[in-house]
Amino acid sequence: MSTVRERNESAWLLPTDGTRTNQSLRDRMRRYADQDEVDLVVVGCGAGGSTLIQRMARAGWSVVGLDAGPFWDPDEDWVSDEAGSHTLYWTEPRVITGDDPIPLGSNNSGRGVGGSMVHYAGYTPRFHPSDFETHTRDGVGADWPIEYSDLADYYGLIEEELPVAGEDWPWGDPHSYPYSPHPVGGNGEIFLRGALAAGIGARVGPVAITNGVFGNRPHCIYRGFCLQGCKVNAKASPLITHVPDALAHSAEIRPDSMVTRVEVDDRTGLATGVHYIRDGREHFQKARMVAIAGYSIETPRLLLNSASKRFPDGLCNDFDMVGRYLMVQGAPQTGGRFDDEVRMFKAPPPEVSSEEFYETDPTKPYKRGYSIQTVSPLPITWAEHEAAQGHWGHDLRERMTDYVHWAVLGALCEFLPQADNRVTLADEKDRNGNPVARFSYSQCDNDRMLVDAARQSMETILQAAGADEVITIKRFAHLVGGARMATNEKDGVVDQYCRTFAVPNLLITDGSVLPTQGSANPALTIMAVAARAADRLINAGTER
């Protein structure tokens with residue numbers, strides 16, 4: 001444990017007086033002036049941005065992190081209520097289109113310091129070795145310019161810092177976790193029972209939720225409101241796992257600051273800082289280096305809105321790669337009704353999972369695969385499932401009285417990267433007068449086959465556990481891609497260390513750099529990629 005504290009003291013910097021936020025640390029954080037040329041300005045304080053900020057601040061760099069949303073206070077801002085939690089989501093205008101337009105909001109967008117990890121479920125699996133070479137192995141997708149082995153050590157470091165709890169993991173690269181698995185609730189028990197009866201492997205975890213004492217962070221109390229912001233600070237998010245340590249090492253986090261453009265000097269070709277709006281006023285933060293970590297919609301949008309004489313089609317877009325190959329995951333959810341009460345809400349949503357179907361099965365007509373996990377929707381979200389089956393009015397109210405009898409599983413299907421699934425700029429403008437993002441998305445046949453296969457597997461598990469009725473709703477989750485990592489600028493936007501090909505001192509350290517997305521939740525991989533990029537900067541030391 002001491003080695004974790006030596007490299008990231010965030011858990012020990014949280015208060016012990018019954019509150020959830022170290023207000024003194026925030027009040028006393030170093031503050032830079034706009035005209036101060038800091039070593040690094042980071043746009044976005046989510047998974048990738050906060051990891052980079054914390055690493056570079058510890059290395060002695062002067063760092064400012066800008067986030068469009070607020071600096072959350074779990075005591076004051078978060079409520080144990082689905083309807084009252086919408087402030088956690090990015091709800092600024094966007095245009096969605098394509099054959100299969102993807103709703104944007106609670107399932108794939110975050111707002112505020114901590115990003116979407118503030119309202120994610122806490123599920124933190126690793127990618128598999130195969131994810132880094134899907135084209136070589138399976139003839140689909142794209143190979144990464146790095147291998148699994150390049151991230152393996154970073155996976156381990158981040159798992160300790162969050163920390164992650166779970167059973168020994170047999171899939172992908174077999175590994176263990178820092179903390180033992182949590183006890184499971186009714187939904188997890190049903191998954192384990194059904195998987196055993198159906199001959200499908202399943203394990204408890206992995207979740208970034210403290211199981212036991214970790215610094216000053218309390219144990220999970222199994223209240224089931226992970227998606228609404230964890231008021232007890234048991235669930236990991238950068239807000240409590242990396243930001244406090246960054247502040248303690250002289251980083252500044254500047255909330256409510258909407259970055260509108262990255263400035264690049266036409267003469268030198270280097271980024272010189274970022275334009276942003278705060279409290280209705282325009283500002284420019286000078287910096288020797290810029291990192292963008294706004295995630296897969298806002299990062300391409302910012303690049304495209306940063307057009308200049310040198311980059312008339314958008315920053316780093318010489319080869320029309322910005323915004324392309326944006327991916328979602330197919331995330332169908334299947335519910336099963338049981339005569340006994342399940343009360344699936346009395347536990348973290350992700351309890352038990354299976355990666356039995358993760359890899360390409362040569363006997364199937366599709367490539368790649370899917371994972372399955374418990375999801376445990378709360379009542380409002382469950383009402384959407386019921387309404388999708390045609391229940392409404394009095395019938396819907398009657399169905400909702402049966403809520404405690406349902407168990408729900410969710411799948412993550414690896415949808416393939418396609419060039420025309422992309423972000424461009426719309427004609428519509430936001431409140432600051434800048435074009436909003438247009439996100440066009442269409443599924444391919446392989447995507448549709450994966451969703452159907454996942455549905456069948458989830459129905460099999462629930463029926464094997466004794467469900468007397470099963471229903472499925474189609475959903476989508478997680479965004480990656482849009483500024484992908486590649487070996488050269490004709491195939492991507494950044495290199496293996498997240499440096500943009502076109503601007504030497506501009507980095508991108510969020511999920512937009514991922515060339516493929518696997519069947520795993522991306523948060524852990526985003527943090528590992530950002531940590532690796534930070535190590536490269538620290539070890540090279542030439543960009544300062």
Side-chain angles (χ1 to χ4, degrees), residues 21 23 25-46 49-50 52-53 57 61-73 76-77 87-94 109-115 118 239 243 246-247 250-266 270-295 297-309 311 314-315 425-437 503 505-506 510:
T21 302
Q23 298 291 358
L25 192 62
R26 294 186 184 184
D27 292 341
R28 292 184 291 102
M29 73 175 168
R30 179 164 183 176
R31 286 173 169 81
Y32 297 92
D34 286 339
Q35 60 269 26
D36 292 336
E37 188 180 45
V38 297
D39 291 326
L40 174 67
V41 61
V42 181
V43 182
C45 299
S50 293
L52 181 66
I53 292 168
W61 288 42
S62 55
V63 185
V64 172
L66 302 177
D67 199 281
F71 213 146
W72 296 114
D73 182 334
E76 299 293 329
D77 300 323
T87 55
L88 300 177
Y89 316 140
W90 186 285
T91 55
E92 293 290 311
R94 287 154 167 176
S109 296
R111 172 180 173 268
V113 177
V118 164
L239 184 69
V243 167
L247 298 183
S250 298
E252 178 187 358
I253 301 295
R254 201 173 296 165
D256 304 307
S257 301
M258 179 65 188
V259 176
T260 58
R261 186 160 59 91
V262 177
E263 186 71 27
V264 174
D265 186 287
D266 286 334
L270 298 177
T272 58
V274 298
H275 299 266
Y276 70 99
I277 296 176
R278 190 180 196 195
D279 297 328
R281 295 177 54 206
E282 295 186 5
H283 299 261
F284 177 73
Q285 177 62 59
K286 294 179 64 177
R288 297 185 181 91
M289 177 172 288
V290 175
I292 304 175
Y295 209 22
I297 300 293
E298 293 303 311
T299 288
R301 178 195 176 203
L302 177 58
L303 291 171
L304 295 172
N305 274 325
S306 298
S308 64
K309 181 179 179 180
F311 296 101
L315 187 57
L425 296 180
D427 294 331
E428 292 84 345
K429 304 292 180 65
D430 64 10
R431 68 184 72 183
N432 300 313
N434 295 305
V436 304
V503 181
N505 68 332
L506 174 64
D510 58 27

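Start at 1 with the first residue, then count along the sequence. This is a predicted model, so every value here is computed, not measured.
In Arg281, the CZ atom is not crowded: 12 or fewer heavy atoms of neighbouring residues, nucleotides or ligands sit closer than 6.0 Å.
Partners of Asn432 under the side-chain hydrogen bond (donor to acceptor under 3.5 Å, both in side chains) rule, at least two apart in sequence or in another chain, do not exist in this structure. Listed by chain and residue number, nothing satisfies the side-chain hydrogen bond (donor to acceptor under 3.5 Å, both in side chains) test with Asn305 (two or more places apart in sequence, or in another chain). For Thr21, the side-chain hydrogen bond (donor to acceptor under 3.5 Å, both in side chains) partners two or more places apart in sequence, or in a different chain, are Asp73. Not counting sequence neighbours, Arg28 has no partner by the salt bridge (charged side-chain N to carboxylate O under 4.0 Å, His left out) test. Glu37 meets the salt bridge (charged side-chain N to carboxylate O under 4.0 Å, His left out) test with Arg288; sequence neighbours excluded. Looking at residues two or more places apart in sequence or on another chain, you find a side-chain contact (heavy atoms from CB on, under 4.5 Å) between Glu428 and Val95, Ala426, Val436. Taking the salt bridge (charged side-chain N to carboxylate O under 4.0 Å, His left out) definition, one finds that Arg301 meets it with Glu298, Asp430, sequence neighbours left out. Among residues two or more places apart in sequence or in another chain, the side-chain contact (heavy atoms from CB on, under 4.5 Å) test is passed with Glu263 by Arg261, Thr272, His275, Phe284. Taking the side-chain contact (heavy atoms from CB on, under 4.5 Å) definition, one finds that Thr87 meets it with Trp72, Arg111, sequence neighbours left out. Here Ser306 pairs with nothing under the side-chain hydrogen bond (donor to acceptor under 3.5 Å, both in side chains) rule; sequence neighbours left out. Scored by the side-chain contact (heavy atoms from CB on, under 4.5 Å) test, Ser257 finds Leu66, Arg254, Tyr276, Arg278 as partners (sequence neighbours excluded).
With a 4.5 Å cut-off on side-chain heavy atoms, Leu303 and Ile292 count as touching. Looking only at side-chain heavy atoms (C-beta outward), Pro70 and Asp256 come within less than 4.5 Å of each other. At least one side-chain heavy atom of Val113 sits less than 4.5 Å from a side-chain heavy atom of Val243. Proximity of Arg26 to Leu247: side-chain heavy atoms (C-beta onward) are separated by under 4.5 Å at one or more points.
When all heavy atoms are compared, the tightest approach of Cys45 to Gly65 is SG-C, 3.9 Å. What you find for Ala437 and Ile297 is that their closest heavy atoms are CB-CG2, 3.6 Å. Shortest non-hydrogen contact noted between Ala57 and Ala251 is CB-CB, 3.9 Å. Taking both residues in full, the closest heavy atoms of Val290 and Ala271 are given as CG2-CB, 3.9 Å, listed atom of the first, atom of the second, then distance. Residues Ala293 and Thr299 approach most closely at C-OG1, 4.0 Å, considering heavy atoms.
To the nearest 0.5 Å, atoms CG (Leu506) and CG (Leu270) are separated by 10.0 Å. To the nearest 0.5 Å, atoms CG (Asp67) and CD1 (Ile253) are separated by 8.0 Å. In this structure, Leu40 CG and Ser62 OG are separated by 8.0 Å, a value rounded to the nearest 0.5 Å. With rounding to the nearest 0.5 angstrom, the CG atom of Asp265 is 10.0 Å from the CG atom of Asn505. Rounded to the nearest 0.5 angstrom, Met29 CE and Arg31 CZ are separated by 4.0 Å. Rounding to the nearest 0.5 Å gives a distance of 12.5 Å between CZ of Phe311 and CG of Leu304.
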Stepwise side-chain contact (heavy atoms from CB on, under 4.5 Å) check, Glu252 with Arg30: CA-CA 6 Å; Glu252 178 187 358; Arg30 179 164 183 176; 5.6 Å; no
Stepwise side-chain hydrogen bond (donor to acceptor under 3.5 Å, both in side chains) check, Asn434 with Thr260: CA-CA 8 Å; Asn434 295 305; Thr260 58; 4.7 Å; no
side-chain contact (heavy atoms from CB on, under 4.5 Å) assessment of Val43 paired with Val274: CA-CA 9 Å; Val43 182; Val274 298; 4.1 Å; yes
Stepwise side-chain contact (heavy atoms from CB on, under 4.5 Å) check, Leu315 with Val264: CA-CA 9 Å; Leu315 187 57; Val264 174; 3.6 Å; yes
Audit row: Trp61, Val38, side-chain contact (heavy atoms from CB on, under 4.5 Å) steps and yes/no: CA-CA 8 Å; Trp61 288 42; Val38 297; over 6 Å; no
